[in-house]
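Throughout, a chain's letter reflects where its sequence line sits, starting with A, and its residues are numbered from 1.
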2 protein chains.
Amino acid sequence: MKRSYHHGDLRQAILDATLDIIDSDGLDAVSLRAVARALRVSEAAPYHHFASKQDLLAVLAANAYAAFGQHLAEAISAAGPDPYERLRALVQAYVRYGLESRGRYRLMFGEHMLELATYPAVVAAGRPTRLILEESVAACVGPGRSDSVGLENTVWALAHGITSLVGEAEIPTGSNADAIDRLSEVAASVLIGGIRAHVQAGLC
Amino acid sequence: MKRSYHHGDLRQAILDATLDIIDSDGLDAVSLRAVARALRVSEAAPYHHFASKQDLLAVLAANAYAAFGQHLAEAISAAGPDPYERLRALVQAYVRYGLESRGRYRLMFGEHMLELATYPAVVAAGRPTRLILEESVAACVGPGRSDSVGLENTVWALAHGITSLVGEAEIPTGSNADAIDRLSEVAASVLIGGIRAHVQAGLC
DNA sequence: GTCTATAGCGTGATAGAC
DNA sequence: GTCTATCACGCTATAGAC
């Protein structure tokens, strides 16, 4: 019986269906009614598994961090031993992923996160991803340096800024992957040069 | 007669009331019905002056660029003659304004701009603001350099990234203005160091 | 414990009367 | 130029069937 969602299958089916909608039609296309329709279930059914649309998105956002973090970690590993080259690869991979999976990226870092920031589970799930950022920056500035949280946030903000502005078509690239890579490349170079100078000046 | 909106007063009243809502309750609080209620006018009345909510927001977004650009220009002027110090002031002013006027900032650079990017008037209105960015970067790299569009976008992305992440509480600052300024300061320093290195390497 | 049916309310948008 | 319906659709809560 395909539609026997009793015994807990519906919860996972809702998560899967919502992710499908996010990937195919974008984050804004998500509505609990659309999810219910896709699963041929009543409009109220999802509410027995998620108290609100926000709760559902919070779970999905928490899940999404794992895939994102793993993607970044792999890109860093493939970049070799030099910490600055690894940082460059991190920025490049961050932007690429954010634009190729725009729905999921917005799910994790979009404007609705102001409300989702109140979910401890979401915040906790995002921590490993930020740890990758921290480690990447720490590897550049060297051990024993004083806190480099400002640098980490700078790296993050730059990667997020490119992803957002290109994703919103404010920086026009015509979805040209090469143009996006070039922009990431320039940004990463500036970042690396800036961090080098910052470290040499003993500001960190 | 206070409520004689005939003869075109209503259009301006709608623009004013919407901006009031954006400033006081945020961009998400805007609805044409709320605007109509505030003006004690029927729910359908706004539609005779703006074909859709998007059209209304597009007009406001176009208007908002002027104030933002002027704010940035003033901050740059007050920073003295050194182009790098002016760039630092630009970043600082950008982030401050974006967070102090978060509703207006999202109106100009938020996620809904993907749709508004199709409005030629909006794109045109945003150009002067981007010109300020271009000139600020050009003043650093010096005249006669080849195109520095990558650097401009890098500066913009960093400023936008900080504004977004702090605004969405992803980078926690507790609305502490000093913490925000410190972050902008570090980011601007990295940016300046990176651009200097970029220029010295002859990459621009 | 799981799902359906229904209803309340807010929103964007349109048609036709004044 | 404005108003009074009216429709379609979204989120959410509640009552009740199984």
Exercise. Is the shortest distance from a Lys or Arg side-chain nitrogen in A:R182 or A:E185 to a carboxylate oxygen in the other one below 4.0 Å?
Worked result: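 No, A:R182 and A:E185 are not salt-bridged.
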Problem set entry | Pair A:R130 + A:E135, salt bridge at N-O below 4.0 Å |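 Here A:R130 does not pair with A:E135 in a salt bridge, since their nearest N and O are not under 4.0 Å apart.
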What is the distance, rounded to the nearest whole Å, between atom [atom1] of [X] and atom [atom2] of [N]?
{"X": "A:R40", "N": "C:dT4", "atom1": "CZ", "atom2": "P", "value": "12 Å"}
{"X": "B:D25", "N": "C:dT11", "atom1": "CG", "atom2": "P", "value": "12 Å"}
{"X": "B:D55", "N": "C:dG12", "atom1": "CG", "atom2": "P", "value": "13 Å"}
{"X": "B:L39", "N": "D:dC3", "atom1": "CG", "atom2": "C1'", "value": "15 Å"}
{"X": "A:Q12", "N": "C:dT2", "atom1": "CD", "atom2": "P", "value": "14 Å"}

For this session: Can you measure from CE (A:M108) to CG (A:N63) and round to the nearest 0.5 angstrom?
Result: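 Going from CE on A:M108 over to CG on A:N63, the span is 11.0 Å.
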For this session: Look up atom CD1 in B:I195 and atom OG in A:S189, then write down how far apart they are to the nearest 0.5 Å.
Result: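 OG of A:S189 is found 12.0 Å from CD1 of B:I195.
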Seminar exercise, completed: Protein-proximity profile, nucleotides 11-18 of chain D, B/S/- by nucleotide at the 4.0 Å heavy-atom cutoff, equals BBB-----
Exercise. Does a sphere of radius 6.0 Å around CD in B:Q70 hold more than 12 heavy atoms from other residues, nucleotides or ligands, not counting ones at 6.0 Å or beyond?
Worked result: no
For this session: Using a cut-off of strictly less than 4.0 Å, decide whether A:R37 has a side-chain nitrogen or oxygen near OP1 or OP2 of D:dG10.
Result: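 The answer is yes; a side-chain N or O of A:R37 sits under 4.0 Å from OP1 or OP2.
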Exercise. Does the side chain of A:H49 get closer than 4.0 angstrom to OP1 or OP2 of C:dC3 through an N or O atom?
Worked result: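 True: A:H49 side-chain N/O within range (under 4.0 Å) of C:dC3 OP1/OP2.
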Exercise. What residues form a ring pair (Phe, Tyr, Trp, His ring centres under 6.0 Å) with B:H160, not counting sequence neighbours?
Worked result: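 Applying ring pair (Phe, Tyr, Trp, His ring centres under 6.0 Å) to B:H160 gives B:Y105.
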